[in-house]
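The structure presented is a predicted model; accordingly, all values stated were derived computationally and were not measured.
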Amino acid sequence: MKAEEIRAMEPAAIMTEVEKLRKELLELRCKVALGEDVRPHRVKEIKKEIARMLTIVGEKQAAEEGVKA
């Protein structure tokens, strides 16, 4: 998901997506530990996407607090 698409979403929806990605990441890590065949680059992609989403949520919260102050 691109940053523009994430910025168009509400913070609650972004956090829902983050939770889905965290579950997917956990499943991938379990598969790796069990020795199942997985695409290793997908783990890195998911981690980056989670970080991107959390950064945008933080930016939105900071902007919201800036308006209130």
Side-chain angles (χ1 to χ4, degrees):
M1 188 176 289
K2 294 188 177 187
E4 296 85 30
E5 295 171 352
I6 299 169
R7 284 192 174 91
M9 297 168 65
E10 293 293 320
I14 295 172
M15 293 308 294
T16 303
E17 287 295 317
V18 168
E19 289 304 316
K20 287 179 187 177
L21 288 171
R22 284 182 174 162
K23 287 180 185 177
E24 184 179 348
L25 183 60
L26 177 64
E27 290 173 7
L28 283 175
R29 286 180 175 164
C30 289
K31 287 181 180 181
V32 168
L34 293 173
E36 293 182 22
D37 189 28
V38 295
R39 296 181 298 167
H41 69 279
R42 183 67 182 137
V43 173
K44 186 176 179 180
E45 289 174 354
I46 292 173
K47 288 169 64 175
K48 281 187 174 185
E49 194 163 342
I50 290 171
R52 186 179 303 119
M53 288 181 170
L54 292 176
T55 299
I56 291 172
V57 167
E59 289 173 355
K60 286 185 176 200
Q61 288 176 346
E64 191 176 288
E65 290 175 1
V67 172
K68 290 180 183 176

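- The line from CD of E36 to CD of E27 is 10.5 Å long, rounded to the nearest 0.5 Å.
- The distance from the CD1 atom of I50 to the NZ atom of K20 is 13.0 Å, given to the nearest 0.5 Å.
- The cluster map of Ile, Leu, Val, Met, Phe, Trp and Tyr, joined by side-chain heavy atoms under 4.5 Å apart, puts L26 and V18 in different clusters.
- Judged by distance alone, with hydrogens and angles left aside, the side-chain atoms of K60 form no donor-acceptor pair with the main-chain N or O of T55 at under 3.5 Å.
- Of the inter-residue distances, the one linking K2 atom NZ with R7 atom CZ reads 13.0 Å to the nearest 0.5 angstrom.
- With a 6.0 Å radius and a threshold of 12 heavy atoms from other residues, nucleotides or ligands, E10 has its CD atom at or below the threshold.
- Looking at every heavy atom in both residues, L28 comes nearest to R42 through CD1-CG, 3.7 Å.
- The two residues R52 and M1 come nearest to each other via the heavy atoms NH1-O, 3.5 Å.
- Checked options V43, V38, D37; the residue passing with K31 is V38 (criterion: side chain to side chain contact (heavy atoms under 4.5 Å, CB included)).
- The line from CD1 of I56 to CD of E4 is 8.5 Å long, rounded to the nearest 0.5 Å.
- Rounding to the nearest 0.5 angstrom, the gap separating the CD1 atom in I6 from the CD atom in E49 is 6.0 Å.
- When atom types are taken as modelled, the side chain of E19 and the backbone of T16 share no donor-acceptor pair closer than 3.5 angstrom.
- Between L54 and M15, the closest side-chain pair of non-hydrogen atoms falls below 4.5 Å.
- Residues M53 and L21 form a side-chain contact, since some pair of their non-hydrogen atoms from C-beta on lies under 4.5 Å apart.
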